[in-house]
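Shown next, in C-alpha cells, is the structure this report addresses.
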2 protein chains.
Amino acid sequence: MRENIKVLLVDDHTVVRAGFRMLLESQPFIGEIVDVERGEMACQEYSRFLPDVVVMDLSMPGIGGLETIRRLCQQNEDVIILVYSIHDEAIYVERALQAGAKGYVSKNSAAEVLATAVSVVAEGKKYIEAGLLPEVQDVRHNDTEQLHAVADALSPREFDVFCLLAKGLSAHDVAAELCLGYKTVANYNTQIKNKLNVSNAAELAHIAMRLGLIKTG
Amino acid sequence: MRENIKVLLVDDHTVVRAGFRMLLESQPFIGEIVDVERGEMACQEYSRFLPDVVVMDLSMPGIGGLETIRRLCQQNEDVIILVYSIHDEAIYVERALQAGAKGYVSKNSAAEVLATAVSVVAEGKKYIEAGLLPEVQDVRHNDTEQLHAVADALSPREFDVFCLLAKGLSAHDVAAELCLGYKTVANYNTQIKNKLNVSNAAELAHIAMRLGLIKTG
DNA sequence: AAACATTCAGGAAAAACTCCTATTTTATTT
DNA sequence: AAATAAAATAGGAGTTTTTCCTGAATGTTT
C-alpha cells in the first residue's frame with residue numbers, strides 16, 4: 001500500500017473540504033493535503049503541488065467538475081482523480097470515468113469507504129463504489145436527454161398510456177379514456193415500467209415531470 | 001457571548017458532518033459536539049444530549065429536514081435550530097423559519113459565517129444570512145398554504161410515509177426505511193390517499209412536487 | 001414471403017390494497 | 001388524576017391490481 005499520499009482536495013463547500021481533510025488526516029497513509037475551492041484553482045495548484053490523488057466534487061461553480069477532470073488529464077495523463085458526488089445516477093459515473101476519473105464514490109458513503117477509495121486509486125487501480133457500477137451498462141435514466149430515451153423505448157401506444165398513468169389516472173381510467181380493455185392497459189402498465197426501469201406510478205410521474213409533460217405549477 | 005455551546009449536528013453526508021465538526025471544534029466557544037445522520041435520530045438524540053444548538057441540513061432522506069424541525073420544536077419549544085442548505089431560494093428559508101428554525105445559512109458560506117451563526121443563535125437571536133432575508137417577503141404564499149393543508153391533514157408519521165411514497169419508494173421500501181411492518185405502511189398508504197383525496201401513487205407524487213418536497217432536477 | 005414489431009387481450013398466480021379490528025403509547029381535556 | 005381522544009403499529013380476510021405467459025390480428029420491413 002502506498003504511503004504518504006499527497007492529496008489535492010477540490011470542493012466549493014467549506015464544510016466539505018474541512019470534512020474530507022479531517023477524514024483523511026486520520027488515515028496513516030495520507031501525507032500532505034492541499035485544498036482549493038474551484039476547478040480553475042485545481043489546475044494551477046496541480047502542477048505546483050503535484051499530488052498523488054486529486055479528490056473532487058462534480059458539481060462546482062465555474063468550469064465545473066467534468067471540465068476540470070478533462071483539463072487535468074490534458075495537463076498530465078497520469079493524473080489520478082477520485083470523484084465524489086451527491087449524484088448516484090449511473091450517467092454521472094459514466095461521464096466522470098469517460099472524462100478521465102479513476103474512481104467514483106457517493107457523498108453518502110461512510111468515512112472508511114472514502115479513505116479506502118483514496119488508497120485504492122493511489123495504487124493505480126480503479127475504485128467505483130459498489131452499487132454504482134452495475135447501473136453503468138443500464139439505462140440512461142435521469143438523463144437530460146431522457147425525452148429521447150423514453151420516446152425510443154416506448155412504442156406510440158405505450159407512450160399514450162404512459163402519459164395518462166403518469167398524470168395520475170388509474171388503469172381503469174386509462175382504459176376508458178383510450179377505449180381499451182382493462183387487461184390491455186394493465187399489461188401496458190407493466191411493460192412501460194419495465195422499459196423505463198421503474199417500479200411504480202410515482203416514478204412514472206417523476207419521469208413525466210422531468211420531461212416537462214406535467215406542469216408543476 | 002455563550003461559552004461551551006453543545007452542538008447536535010444532523011446531516012446524512014459523512015464528509016459534511018466531519019467538516020462541520022472540524023470547523024466548530026476550532027472555535028473557542030464550542031463545547032461538546034454530537035452528530036447523527038438523520039432527522040429521526042436527531043429527535044432521539046436531542047432529548048438525551050440536550051444540545052444548545054441543533055445544526056442541520058434541510059435535505060435528508062427519511063423524514064427530511066422540515067419535518068425534523070417540526071418534531072424537535074414539538075419536543076421542546078425552546079430548541080434552537082440552525083439550518084444550512086444548498087438551497088438559497090427564499091421559499092426554503094421561509095419554510096424552515098416557519099417550521100421553527102432560528103437561523104439559516106447557505107452551504108456555500110465561509111467557515112467564519114457558519115461559526116458566527118452558531119454563536120448568534122445560541123444567544124437566542126436569529127441569524128439569517130445576508131442576501132437571503134430580503135427575498136423572504138417575496139415569497140408566494142400559495143405553496144406554503146398547501147404545505148400546511150397537507151401537514152394538517154396528515155399526522156407526522158403519515159407525513160413521513162407520504163414523502164417516501166411520493167418519492168417513488170414501494171410500501172416495502174418505506175417499511176424498511178422507517179423500520180415498520182409492511183402492513184403498517186400499506187395501511188398508512190390507504191389512509192394517506194383517503195385524506196389527500198387521491199387514488200394512486202402518481203397523484204401523491206404530483207402533490208409532493210407542487211409542495212417542493214421533490215427535486216425535479 | 002418471412003421475420004418482426006405493434007396492438008390488443010385472456011388466464012392464473014402473485015402482490016398490493018382496502019377495510020376492519022385491536023393493542024399500546026402519547027396528548028389533551030375535564 | 002381520570003377520562004377521552006388521537007396516533008402509531010400491525011394482523012386477517014377479501015378484493016383489486018399487477019405480473020407473467022400466451023396468442024391472435026394487423027402492419028411494416030427486408
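Nothing here was measured: the structure is a model prediction, and the numbers come from that model. First the proteins, then the strands, lettered A, B, ... as listed; each starts at 1.
In this structure, OG1 in T184(B) is found 13.0 Å from CD in Q191(B), a value given to the nearest 0.5 Å. Rounded to the nearest 0.5 angstrom, M22(B) CE and E25(A) CD are separated by 4.5 Å. Atom-to-atom distance recorded for S106(A):OG and H13(B):NE2 is 7.5 Å, nearest 0.5 angstrom.
Between the CG atom of N200(B) and the C1' atom of dT16(D) there is a distance of 14 Å, rounded to whole Å. If you measure from atom CZ of R157(B) to atom C1' of dT24(C), you get 15 Å, rounded to the nearest angstrom. Taking atom CG of L165(B) as the reference point, atom P of dA16(C) lies 13 Å away to the nearest angstrom. Between the CG atom of N189(A) and the P atom of dA15(C) there is a distance of 17 Å, rounded to whole Å. Between the OH atom of Y188(B) and the C1' atom of dA6(D) there is a distance of 11 Å, given to the nearest Å. Distance, Q191(A) CD to dC8(C) P: 14 Å, rounded to whole Å. Atom CD1 in I192(B) sits roughly 13 Å away from atom C1' in dC17(C) (whole-Å rounding). Rounded to whole Å, the distance from CG on D160(A) to P on dT6(C) is 13 Å.
Evaluation of atom-type donor-acceptor distances gives no pair under 3.5 Å for the side chain of N187(A) against the base of dC8(C).
Judged purely by atom type and a 3.5 angstrom limit, D52(B) uses its side chain to pair as donor or acceptor with the backbone of K6(B). Of the possible polar contacts, none joining the D173(B) side chain to the A176(B) backbone as a donor-acceptor pair under 3.5 Å is found. In this structure, R21(B) contributes its side chain and I33(B) its backbone to a donor-acceptor pair below 3.5 Å. Not one N or O on the side chain of N189(B) forms a donor-acceptor pair closer than 3.5 Å with the backbone of I192(B).
When distances are taken from the side chain of T190(A) to each of dT19(D), dT17(D), dT7(C), the shortest belongs to dT19(D).
Along DNA chain D, the nucleotide closest to N194(A) and the one closest to H172(A) are compared, and the more 5′ of them pairs with H172(A).
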Pairs under 3.5 angstrom, nitrogen or oxygen only, protein versus nucleotides 27-29 of chain D, please.
none

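Between R17(A) and the options D57(A), D11(A), V55(A), a side chain to side chain contact (heavy atoms under 4.5 Å, CB included) holds for only D11(A).
Near-neighbour residues of DNA chain D inside residues 178-186 of chain A, defined by a heavy atom below 4.0 Å, number-ordered: Y182(A), K183(A), A186(A).
Within the structure, a side-chain polar atom (N or O) of S155(B) is placed less than 4.0 Å from OP1 or OP2 of dA8(D).
Residue pairs satisfying the ring-ring contact (aromatic ring centres under 6.0 Å, His included) criterion with at least one member in residues 175-206 of chain B, sequence neighbours excluded, are listed as follows: H172(B)-Y182(B).
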